[in-house]
Each structure stands twice: as C-alpha cells, then as structure tokens.
Amino acid sequence: MSTDQQWSEEQHRVDSVTNQIERKITTLEQEVGSFRDEVVEMRKDFWDEVTMNFSEADDVGETSTSMRQQSQVLSDRERSHLNTAAALDKMKRLHHSPYFGRIDFKEDGYPQAERIYLGIASLLDEKEESFLVYDWRAPISNLYYDGAPGPITYETPSGEISGDIEMKRQFVIREGRIRFMFDTGVTIGDQLLQAVLSRTSDAQMKSIVATIQREQNRIIRNDRTRMLIVQGAAGSGKTSAALQRVAYLLYKYREHLSADQMVLFSPNPMFNSYVSTVLPELGEENMLQTTFQEYLERRLGREYQLEDPFIQLEYVLSATEDAAYPARMSGIRFKSSESFLKVITKYKDNLMLAGMKFKPVRFQGRAVVTAEAMEEKFYSYEPSVKLVNRLEMLRDWMLKELSAFGKSELEAPWVDQQLDLMEPEELQRAFQRLKRKQKGKVDTFDDFVQEREILARMVVSSRLKPLRKWIKSLRFVDVRKLYSQLFKDQGQMVRLLDNEPLPAYWEEISDMTLRRMKEQELAYEDITPYLYLRELLLGFHINSNIRHVIIDEAQDYSAFQLAFMKRLFPRAKITALGDFNQAIYAHSSVLSGTGPLTNLYGPENTELIELTRSYRSTQEIVEFTKGMVPGGEEIIPFNRSGEKPQVIVTTSEQKHLDLITADLNALIEEGYESVAVICKTAEESREVHESLSKVLTTAPKLIKKTTLAFERGVHVIPAYLAKGVEFDAVLIYDGSEEHYAQEHERKLFYTACTRAMHLLHIYCLGQPSPFITSQSETLYDTGKVSAVQAD
C-alpha cells in the first residue's frame, strides 16, 4: 500500500484534474446552450433567410442555391451542437471518476519516465498540449492491461516502441476522492477486483475497464481474424469483454466504423436491457441489438405460426412422458445438424434436374398459367443456367402470359359489369390518369368505342395488378410443397443423405413435420432450414452494411443457424461467445469442439480464446458448481470467499414454501438487492410466483420470455431465462432428484446455480439431485439456512 505522502500527492493531482474538468464543463455548457439557441432560431427563421423567386429559370436556380446554402449552415450548426453535447457528456463522466490506473513508462532513449494515467476517455490539459488522461483503448494503454514492471514493447500506428514500466498503480476514485490506491504487478490487482466483485449486483451490466484482465484484453483488442470464438466458464466476463471489444473497435476504426454497423444477437429481450448501459458508459452509441427469433419472425411470421426456442425447451424439459418425445428429440438433433444443411443444399442442386413445385396463376377461378406449364417451361431452359436465373426467366415469361391473358379478357362480360358499376368520380379519375399517361394529348372521351376500350384496359390492368406483383416476387415457387417433399419421399431422403443413415424414428419425424405444416405451424427446428431452402431458391436476403456480429450464448445456436448467419452477413467479422457447459438446448453444443464454428471460415481465419477463471461467484460456489460438468476441473475460482452453498431437504410442499419464504424475507432484511428464485420451467415459475406473492413482504417479479427490463428485487425466473445475468443470492426452488436427474438436465442445473454471486441455497422437495450428491459433502452444507427456524 502507498505511503501517506504518495496518497497525498495523488489526491492533489485528482483535485487539479477535477478542477480542470469542472472548468471545461462550464465552458461546454455555455457552448451547448449557445448552439442550441442558434439552431432553434435558424429553424424558426429558415424560410426568411431563403430568397424565393420562381418567375424565371435563373431565379429558380438562385432560389435553389440559397436553400442549399442555408440548409448547409443549419446542418453545420446542428453537427456542432451534437459534437459539443457529446464532449460535455464525456466530461461529466470523467468528473465522477477521472481515471483508474497509472503506469510510469520510460521509453528507450529518453532520460525520464512519463506518467500515464488511464480513464474511460482522453483528456487534454487546458493548453491542449499534453494528455492528463489517456483513453483506455489507446495503444499505450495496452501496457496497463498486459504489461508488468520491467522491459516492454508495444505497437503504435507508427511502429513498435520499447521501454520499461517502472510502476503500475491502480485507483478507485469516487466523486473526486481516492477510495483505494495500490501498486500491482502483471494482472489487475486482486484488491480492486475484490472491491468490485463484493458489491451487490446491478439491474444492468456495468463496464469493467478498470478491472480488465490480460486474457480479457486479448479478446477486446483482437482484430486479426474473421471469426473469434470465446469459450468462457460461467462468470468469466466474456460478455463484458465482448461489449468492450465493440467500444475498442469503434474507437480504433472510428473513421470507417459506426455503431449501426454492428449487431448483437442476444439470448432474450431482457438481456438486451441488461447490457444496454455498457457502451453508453464508455461514451459510445449502442449497437443494434436483437434476438435470432425476432429476425425469423420478421421473415416468416406472416406465413406461419413460429415456435420459439423457449417453447421448444419447455417441451424438452417437461414432456418426457409424451409418447412422441423420442421422435421429437431425434428430429431436433437432425434438423439442427450440418448433415441436414448438406441435405438441403444437395436437394436444391437436384431441383435443377427435376422436382420443382409451382403454384398455378389463377384469376377468378380460372388457370392463367398452370403449374404443369410452368414446370415444363422451367426445365426447357439450358441446364447450365443457374436455378435463380431460370426462375427470373420463368417470371418474365409468366408476365408476358399474364399480359396476353389480359388482352383476351378485354371483351369479357365481367369487364362490362365493372364498367356499368363505375361512378362518375371514378370515370373522371380514370380520364385524368389516362391524360397524364398520354402527356395531355387526350381532352375528352369523344368516341364510345375508344372510351370503352380505354376503360376496359384500365379495369383489366387494375384487376391483374395483384397477380403481376405476386409473379414479380416469385411467389409462384411452392416452397412449402418443396420442403414437405423432403419428408414425404423417404427414398429421396436416403439418397440425399448419401452414406449416412436415416435418423431414428424417421416416419414419426415426417408425420409430425407434415402435420404441423398443414396447420400453418413451423417447429423451431424447422424454421431456419425452411428459410434457408427458400433463400437458396429465390435468392438470399443479405445485409452488407453490418461489419461485425456478436453472437452471445453461441452454444445455443445450431450448426444450421450459424451457417445461415454467415450467409446473412457476408462482409461481417463474427465474435461468438459461449460456454458449452451451459448448452441447454436439445441439439448438441457447437462449442463442444472446434466443429461448426471453426468450419464457418476455416481454421486459418478462426481464433479460439478460452477463459477459465470465474469471477462472478465466490470461491465456495465455484468449487461446488464446477464438479457438476465434464472438464469442470479446469475452471479456476477467483479468490473471494463466502458461505458454502446450502442444500435444504424438505418433506412437504407447505414446509418447503414456508422455509423459502422465511429465507427470502431474511435476505431482503439483510440488504441483498437482487435475489432470484430459479425454477425449472415457465409453468413452475408461474405457480411459485403466485404462491410467494401471497406471503412475501416484498412483492416478487415474475420473469417471462417477454420481459423487457431487468430490475432489482426478488425475481422468480425459469433457469433458461437466467442465462447471462447474475444475482446477489440464488434460491433453487426445487433441486430434487425428481426435477434434475436426466443427463440433458445437467447443464440446465449448472446454469441455474452459477447465477449466484454471493449466496446459493438449493431447496429439495425430496432426495437431492445426483448432480449434488455426486459432489464431495465437504463442498456444501446441509439444512442450515440463516434466519430460518425449523419446526
């Protein structure tokens, strides 16, 4: 720990920097107000400042120039206002805590070391000659995260710089006062991490730039590879590091990259709210945030009722007694696999030769173009012509056929009926449209035959317009029938699989798929394959504007979905974050090896970084939970002690509820700000929430898949929705053998337990889960709950 004199010197510097920030804030507030007033006045007087004259051609040009000039001036003032407001916001954030680290770096060839202070943004002195604070993303700041006292080199845009780090110091500064200060070695000191991690959890994730570890810094500053895979243990800080990676990339490539060119795919809508403050805290705009399900709904939601991943998971967890369960599980695994991806790709290639399905073009119950005629025409084109190009050629032919059909309908009785029903106003509108088309050459309908012909053409054209639009959008391709055909023709599927066997329960899988499609439904495992087939046929919807994609909880994506996302964002780099020990969905984890994720861009364009140290939970909780999963021995707990997890066995539902109620009330009384009662399913969560709402002193919040915001307090939540978030204390509602015994439930139970930061209590209505009893009894306590008195 530093001496009193060092502390005094550092506090004196904090006071000096804070005073300069305050003066800058005052100046910037005046500038913001001045720009705001100027913009308001300019908008109000905009037209007064523009010379308006449209009498002569030259005057029109002068007026246009005047408007452009005035608009440019207004645009410049608005831009100045926004930039000044952003600078003011940055100064206000620095005022609270101007910096968090210091390194003394002596560059080779220079007599004295330079003192470098690091904060969330850069700050120049009042003469704007030297840096009082360096942005944590600046190249020199890398020394703080990766370097240790001694010789060091670092990269800058102008080349490599060598020197020595003579000292590395850390601070916690709040409201202008130093609360902690200590010198440290290679990694960010345990004292600071202890201070940060011992706090209560927040309703929203906070930035951790002051406590970034060396392995996290590798993630943040990695911009070499097309695909970066981050495999991290629960609580290892992978999501925080990824968000700060976004901030780093926006800083480094600020001339070429903006926040709206980056997108985060998160596990659920609530998670978007949970992480929404991280980038603004770092002075950056939030990137685009969505879920994969929201994207699928936008693409197919009008055509089908789409099952979401949570409904699928509820079935997997609660329908084990269903006779169709083994077939559904087999179908989920197959339809999520690379094998099925290859099947659909090969199927599309085979359609070049035979098997295309089309919908006939009908008008008033009559076939304008039959499906058979379309198929014959499609296969009459050169075999070498690509499928998409053939469909475009077929579309053009069909539009000509529709036009010919329209001409043949001009004398049809239905046209005369429509003409007889036309109101005078409609006739006038028709005449005006005709006049515009013929550039005013028609003054009146002066010939009955001409009038009838013109009006008939307009009536027929109007009635055929929806069909033209339908044909132009290639809606005549029967994607539904083509996808169904995969499950109707077993021999075809055998051929497409080549040497691979059919999945188990193939007939049942086929029947379930066809039945749901007949009812206008798509199971979750069918949605991406169906959309992929449609896009292979009709052309891919791609987003070339997105340059970087962050996929959180990547282990929950199937190989099929990841391949689809690669096609969707052809110009983007991808950062995939995950933990295969939390792979709770029915398809096998893509992070269990280097498989599908590595294959997306190939090993040469892929880098894997593993985070094995867990920071979220106390050492006791990590030691307990890591024994639940294969390879858990590699997880390293951070040295922060607390209570052992407690396992409480009850024998009646009422006693069970009474103990949990008393425990929750005691935790609230002790000041725990976020407490989760984690249940297995949504149905169990609803029932528990209803029971607890009647007896708790503080009303609990029920978290559903539609919940948009995460707040402090007591939460009742299904385990699968708790992924990615953390709580001061976690109570597992029922960790009994009846609830968690199957192998596919192991990772769900692990996920639930690893949400706890400081306290984990597992209640068991009956015999505890084997995931508990298989652990050493020294890792947990039994039957002891603080402030709960047994009868």
Side-chain angles (χ1 to χ4, degrees), residues 296 299-307 331 334-335 340-363 365-381 386-395 397-399 401-402 466-467 469-497 502-503 506-541 560 564:
L296 295 174
R299 296 299 311 280
L300 289 173
R302 293 181 180 179
E303 300 175 40
Y304 289 96
Q305 179 70 36
L306 303 183
E307 181 183 55
F334 174 64
K335 292 172 182 177
F340 194 43
L341 177 68
K342 292 174 184 174
V343 161
I344 288 187
T345 305
K346 191 174 179 182
Y347 179 48
K348 173 255 181 183
D349 293 338
N350 289 355
L351 291 174
M352 296 279 285
L353 303 173
M356 276 296 289
K357 304 294 180 186
F358 299 104
K359 302 173 190 174
V361 182
R362 295 186 178 278
F363 179 75
R366 291 174 291 152
V368 178
V369 186
T370 65
E372 293 75 19
M374 294 158 70
E375 186 175 353
E376 183 181 347
K377 188 69 177 176
F378 179 82
Y379 288 112
S380 72
Y381 299 126
K386 290 182 178 179
L387 188 144
V388 172
N389 294 339
R390 279 200 230 177
L391 288 176
E392 290 173 351
M393 293 162 68
L394 181 63
R395 175 196 63 197
W397 172 76
M398 290 171 64
L399 289 171
E401 291 292 299
L402 184 64
L467 280 180
K469 185 178 179 183
W470 189 80
I471 292 170
K472 286 179 180 178
S473 61
L474 305 181
R475 298 278 298 281
F476 54 84
V477 179
D478 199 336
V479 181
R480 181 176 307 187
K481 192 174 286 186
L482 285 166
Y483 190 74
S484 300
Q485 193 63 32
L486 284 167
F487 301 93
K488 287 181 178 177
D489 187 343
Q490 182 170 320
Q492 175 183 244
M493 181 58 75
V494 170
R495 291 190 296 274
L496 290 170
L497 279 167
L502 279 171
W506 176 250
E507 289 185 9
E508 292 90 336
I509 292 170
S510 298
D511 289 344
M512 282 190 288
T513 305
L514 295 171
R515 185 174 65 252
R516 293 188 76 159
M517 290 187 70
K518 189 176 181 180
E519 295 170 356
Q520 297 292 107
E521 294 178 9
L522 282 179
Y524 183 64
E525 61 270 22
D526 280 301
I527 303 172
T528 308
Y530 181 93
L531 186 56
Y532 185 71
L533 175 62
R534 191 173 85 170
E535 305 231 324
L536 279 176
L537 297 171
L538 308 184
F540 267 83
H541 283 67
F560 209 125
F564 183 83

Give, for atom CG of Leu533 and atom CG of Leu341, the distance between the pair rounded to the nearest 0.5 Å. 11.5 Å
Arg299/Leu296 under side chain to side chain contact (heavy atoms under 4.5 Å, CB included): CA gap, chis, key distance, verdict: CA-CA 5 Å; Arg299 296 299 311 280; Leu296 295 174; 5.9 Å; no
Rounding to 0.5 Å, atoms OH (Tyr304) and CD1 (Ile527) come to a distance of 11.0 Å
Of the non-hydrogen atoms in Arg362 and Gly365, which two are nearest, and what is the gap between them? NH1-O, 3.8 Å
Could you tell me if the side chain of Leu387 sits less than 4.5 Å from the side chain of Leu536, heavy atoms only? no
Does Leu300 reach the side chain of Arg534, with side-chain heavy atoms less than 4.5 Å apart? yes
Does a side-chain heavy-atom distance below 4.5 Å link Phe540 with Phe564? yes
Can you give me the closest heavy-atom contact between Leu391 and Met356, atom names plus distance? CD2-CE, 4.1 Å
Within the structure provided, determine whether Phe358 and Val369 are in side-chain contact (heavy-atom separation under 4.5 Å). no
Flag the pair Leu351 / Arg390 as yes when at least one side-chain heavy-atom distance between them is below 4.5 Å, and no otherwise. no
Quick one: do Leu486 and Thr513 satisfy side chain to side chain contact (heavy atoms under 4.5 Å, CB included)? Show the steps, please. CA-CA 10 Å; Leu486 284 167; Thr513 305; over 6 Å; no
Taking everything shown except Glu303 itself, do over 12 heavy atoms lie less than 6.0 Å from its CD? yes
Taking every heavy atom of Phe476 against every heavy atom of Ile471, the minimum-distance pair comes out as CE2-O, 3.4 Å
Quick one: pull up NZ in Lys348 and CD in Glu535 and give me the separation to the nearest 0.5 Å. 13.0 Å
Here the gap from Met352 atom CE to Phe378 atom CZ, rounded to the nearest 0.5 Å, amounts to 7.0 Å
Search all heavy atoms of Pro503 against all heavy atoms of Leu497 and return the closest pair with its distance. CD-CD1, 4.4 Å
Can you confirm if the NZ or CZ of Lys335 lies within 45° of the ring axis of Tyr483 and under 6.0 Å from the centre of its six-membered ring? no
What I'd like to find out is whether the side chain of Met493 reaches to under 4.5 Å of the side chain of Trp506, using heavy atoms alone. yes
Given side chain to side chain contact (heavy atoms under 4.5 Å, CB included), test Met517 with Leu522 step by step and report yes or no. CA-CA 6 Å; Met517 290 187 70; Leu522 282 179; 4.0 Å; yes
Presence of salt bridge, Glu401 and Lys377, under 4.0 angstrom: no
Measure the shortest side-chain to side-chain distance between Glu521 and Glu307 over non-hydrogen atoms and say whether it is less than 4.5 angstrom. no
For the CG atom of Leu531 and the CG atom of Asp526, what is their distance to the nearest 0.5 Å? 12.0 Å
For Ala371 and Pro360, the nearest pair of non-hydrogen atoms, with its separation, is N-CB, 3.9 Å
Is there a side-chain contact between Gln520 and Arg480 (heavy atoms, below 4.5 Å)? yes
Nearest non-hydrogen partners of Ala367 and Thr370, listed with the distance: CB-CG2, 4.0 Å
Apply the test side chain to side chain contact (heavy atoms under 4.5 Å, CB included) to residues Leu467 and Phe363: give CA-CA distance (whole Å), side-chain angles for both, the deciding distance (0.1 Å), then the verdict. CA-CA 8 Å; Leu467 280 180; Phe363 179 75; 4.0 Å; yes
Crowded around Lys346 NZ? As in, over 12 foreign heavy atoms under 6.0 Å? yes
Can you establish whether the number of heavy atoms outside Lys359 located under 6.0 Å from its atom NZ is more than 12? yes
Please determine whether the number of non-hydrogen atoms from other residues, nucleotides or ligands lying under 6.0 Å from atom CZ of Arg302 exceeds 12. no
If only side-chain N and O atoms count, and only distance matters, is there a donor-acceptor pair under 3.5 Å linking Lys357 with Ser484? no
Rounded to the nearest 0.5 Å, how far apart are OH of Tyr347 and CG of Leu496? 8.5 Å
